[in-house]
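Data first, discussion second: the structure below is written as structure tokens.
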Amino acid sequence: EKAAAQKNFTVSTSALTYSTAAKLRQPSLRQDEEVVGAASEVLSFNYRLLGNPAIITKWKKYANSGQLQELMQAGLHYDDGNEGNGSQIKIQLHHMDALVPRSTKFYAERSFTQSSYRYLLPIEWILPSIDDSDNGTRRSDEMSQMEEWWKHVAAQSSSTSQRKHQPRSGGQGQSMSSPDSPQFIKRLKQSLKATESETVPNRRSRRQAAANEKSKTNTANDSSNIDLDSDEYTNNDSSPIRLAPGRFGQLWRKRRRCWSNFAHPQLTGMASSPGHEAVWRTMDRARIVGFVDLQNNDNDDGGSERDSPNDTSTLRNMHIVLEFRADGFVVGQIPRVISALVAMTNGWIPQNFFDVATRPDAYIPSKNTAPPFLDKRLYFHTARYHFHELTGNGDENFAKTIHTESESEQNWEADLRKRLMGGATSSMNRKEEDSWLAELRDLVSPELRQLIQTFETDSIEDHTHAADDAQDTSTTTLPYVDTDAPVEYSITLDLLRDIVSSGKWPATSDARSRVIKSPNRRGSSSGNNIVTNKKGALASAFPGNTISSGSFTVVNDQIWDDSDMLPLGNALFPELTKAVFDLEKEIIRRTSPPLFSADGMDRQSPTSLPRSPSTHCAVNRNAQFTPHVDSGRGQGQRVSMIAGLGNFTGGEILVEGKAYGIRYNALE
């Protein structure tokens, strides 16, 4: 506005956004608490310019002349000296375009289609441990191999042609003088690949693959997890694969994965639940983009002489630059991915860790496994705007706005790394990082291995039982154990059994179905013994019969004010609705406060006070749920209560990974 006033223009700003802000998208995606630096942040000003076409043309010419950029740069606080002082804020404008007139509005925050972050990974973290006698020989061999390879990297870094595209190595195109990458680098690349989202083939590719397989085996392709005439696709474990519709080009075929297990421990409640849409993200690319030698204040663009990496002090200053590209990152996701990459590369956890940890039905207890000093190693790189850059939504100048490979931005990024890493290599900080690495190796990784092994064992058993049940064509029904229920539970239990025996169990809502273990909708054997009928109701498949299952909601109309918003369950089962909330009152009356509760539960009211009546109740039967957080639609009530009725096996509830039996034993 100041610049416009100097040129006799009238400008009013209507919106100011920047690409790393996530206030409008999802608070779960904000990274600004862990990231304090950016190589190429994108800001957008949407403004209204009053004037005739001649004035607009004149304004565009002035804005693109560089004078406006110089004026704005002068208005920013810019620390041009004392580079080691991390308390100073340093801001530099790399490039500016006046995109006028625009047919569509552009917002740096909402319009971006891909963001990328970079992390400076110490090479020493992924080398075989020097304290491990079994790895002593391997470490020595890899160090010797790394010395030759590092010299080659240094020579390439100083070459003026390094930015030109080079063909992939291998075959006849591989240079005989290029040393092979060390084994730890190959292991790191494999680990990075494991984090990436797969690109799901389209229908034509699936048909072609099926035809090829059929011609090889000369038998019909009976794979039940791929519908050749549909865009729907399921994984080998019979769980549906979620794509990313609305993304540019083939990016929409990237498989979205559930990153709730990688969320920051402070991101609690629905914000980190697998049922929350924001935790389902695609990891488009994870790769090595460069190397940094902090001892020489050098990076992959420099050409100064490097010392031998066999020297201990030199080794501690050698870093690998990792880049992660995605459609968004959950708070805490990148640091915990880094921890997993270090553990996988060292062989402390299995290579299928990400396959299991990103399943919505897998729960990994939140631990503070993030590496220390994130603010000194992690920084935002840039954002992409594919629809504006590569389609008619943008203009010919828009693609020039994002100059992530310009000389100015490369120099800025090199300076940013030095400023961030100013004190990260001090002896005190190294001790803390060494302590974290030892904890990751000796405490965290063994627990993760045990969790993965347990989950895989349970999955194998479930699939085995499902296959046996599918082959059993007898009419055997489930055993019925005639156990008397406690008197306070008997009325509610009888009403529920009447609903089941009469076949009146209602269909489960779409929203509730998202947190129930997803079945194979085409009826193939599934690890959770659940199938879905055409009406969307859930049913558990057993040999010889089908037993109603699923979930529906009833509301306590005695304390719920809005009678117009009562669910269908109230209308279908008025007697059950009354019995359910009478049961809760009786449980509260018979139990001295407080009720038995899960470990670590945070109560809002004093423990001496009895529980307040609930407004809502979810009635579930034979439904196995994925990890989730209830929506909490009650009147300010955060504490739920659950109880089990009837004769069943299993049925425990897991709270933060700990199982509790709830059969006739209410739990808060």
Side-chain angles (χ1 to χ4, degrees), residues 37 39 116-128 139 142-166 168-169 175 177-193 195 285-325 334 337-338 341-342 345-346 371 373 376-379 381-382 404-405 407 409-422 424-425 430 433 437:
S116 63
Y117 286 80
R118 289 185 173 180
Y119 184 83
L120 303 179
L121 177 72
I123 283 183
E124 197 174 34
W125 287 4
I126 57 176
L127 280 172
R139 179 184 174 94
E142 293 196 16
M143 288 289 291
S144 299
Q145 186 183 20
M146 183 179 69
E147 183 171 6
E148 294 298 320
W149 169 78
W150 184 257
K151 290 179 180 179
H152 177 71
V153 170
Q156 280 193 331
S157 297
S158 60
S159 173
T160 57
S161 61
Q162 63 166 355
R163 290 291 170 184
K164 296 181 180 179
H165 173 74
Q166 299 292 336
R168 292 181 181 270
S169 60
S175 172
S177 61
S178 300
D180 197 13
S181 298
Q183 289 299 317
F184 73 90
I185 292 293
K186 293 181 179 179
R187 294 193 299 268
L188 176 59
K189 289 181 177 180
Q190 292 175 354
S191 301
L192 288 167
K193 188 68 175 177
T195 70
R285 189 79 184 274
R287 60 173 182 161
I288 299 173
V289 295
F291 302 89
V292 178
D293 184 354
L294 295 177
Q295 185 180 32
N296 294 292
N297 287 331
D298 197 10
N299 53 53
D300 55 358
D301 298 324
S304 60
E305 185 70 20
R306 290 174 172 83
D307 296 331
S308 169
N310 274 318
D311 181 76
T312 303
S313 60
T314 302
L315 184 63
R316 283 192 176 272
N317 289 283
M318 295 166 58
H319 291 70
I320 301 172
V321 185
L322 303 181
E323 181 181 80
F324 302 93
R325 296 182 183 179
I334 299 177
V337 167
I338 295 295
L341 289 172
V342 172
T345 304
N346 283 291
F373 309 114
K376 298 183 180 299
R377 299 191 182 278
L378 180 64
Y379 62 92
H381 181 231
T382 192
T404 56
E405 296 299 328
E407 182 178 357
E409 296 193 14
Q410 291 178 32
N411 293 336
W412 169 266
E413 185 173 358
D415 181 68
L416 171 66
R417 292 169 182 168
K418 289 188 292 184
R419 291 173 63 88
L420 292 178
M421 294 291 293
T425 56
R430 284 200 296 264
E433 290 184 339
L437 197 62

Point-to-point distance, once rounded to the nearest 0.5 Å, from CG of Leu416 to CH2 of Trp412
7.0 Å
List the steps and the verdict of side-chain contact (heavy atoms from CB on, under 4.5 Å) for Leu120 and Leu420.
CA-CA 10 Å; Leu120 303 179; Leu420 292 178; 5.8 Å; no
Taken in chain and number order and not counting sequence neighbours, the residues that satisfy side-chain contact (heavy atoms from CB on, under 4.5 Å) with Lys186 are Asp180, Ser181, Gln183
Do Ile185 and Ile320 come within less than 4.5 Å of each other through their side chains, counting heavy atoms only?
yes
For the CG atom of Asp415 and the NZ atom of Lys418, what is their distance to the nearest 0.5 Å?
5.5 Å
Rounded at 0.5 Å granularity, tell me how far CD1 in Ile123 sits from CZ in Phe184.
5.0 Å
Go through Asn346 and Trp125 one step at a time and tell me if the side-chain contact (heavy atoms from CB on, under 4.5 Å) criterion holds.
CA-CA 8 Å; Asn346 283 291; Trp125 287 4; 5.6 Å; no
Indicate the atoms forming the closest heavy-atom contact of Thr195 with Ala286, along with that distance.
OG1-CB, 3.3 Å
Hey, is Glu124 close enough to Arg430 for a salt bridge, meaning N to O under 4.0 Å?
no
Any side-chain heavy atom of Thr382 sitting closer than 4.5 Å to one from Glu409?
no
Take His319 and Arg377 through the test side chain to side chain donor-acceptor pair (under 3.5 Å) and record every step on the way to the result.
CA-CA 10 Å; His319 291 70; Arg377 299 191 182 278; 2.7 Å; yes
Side-chain (Thr345) to main-chain (Val342) donor-acceptor, under 3.5 angstrom
no
Residue list, side-chain hydrogen bond (donor to acceptor under 3.5 Å, both in side chains) with Tyr119, at least two apart or on another chain
none
Set of side-chain contact (heavy atoms from CB on, under 4.5 Å) partners for Glu323, sequence neighbours left out
Ser116, Arg118, Arg287, Val289, Arg325, His381
Which value, rounded to the nearest 0.5 Å, describes the distance between Leu121 atom CG and Met318 atom CE?
11.5 Å
Using side-chain contact (heavy atoms from CB on, under 4.5 Å), reason through Ile338 and Leu322 one step at a time and then give a plain yes or no.
CA-CA 9 Å; Ile338 295 295; Leu322 303 181; 4.0 Å; yes
Between Tyr379 and Val321, the two heavy atoms sitting closest are OH-CG1, 4.2 Å
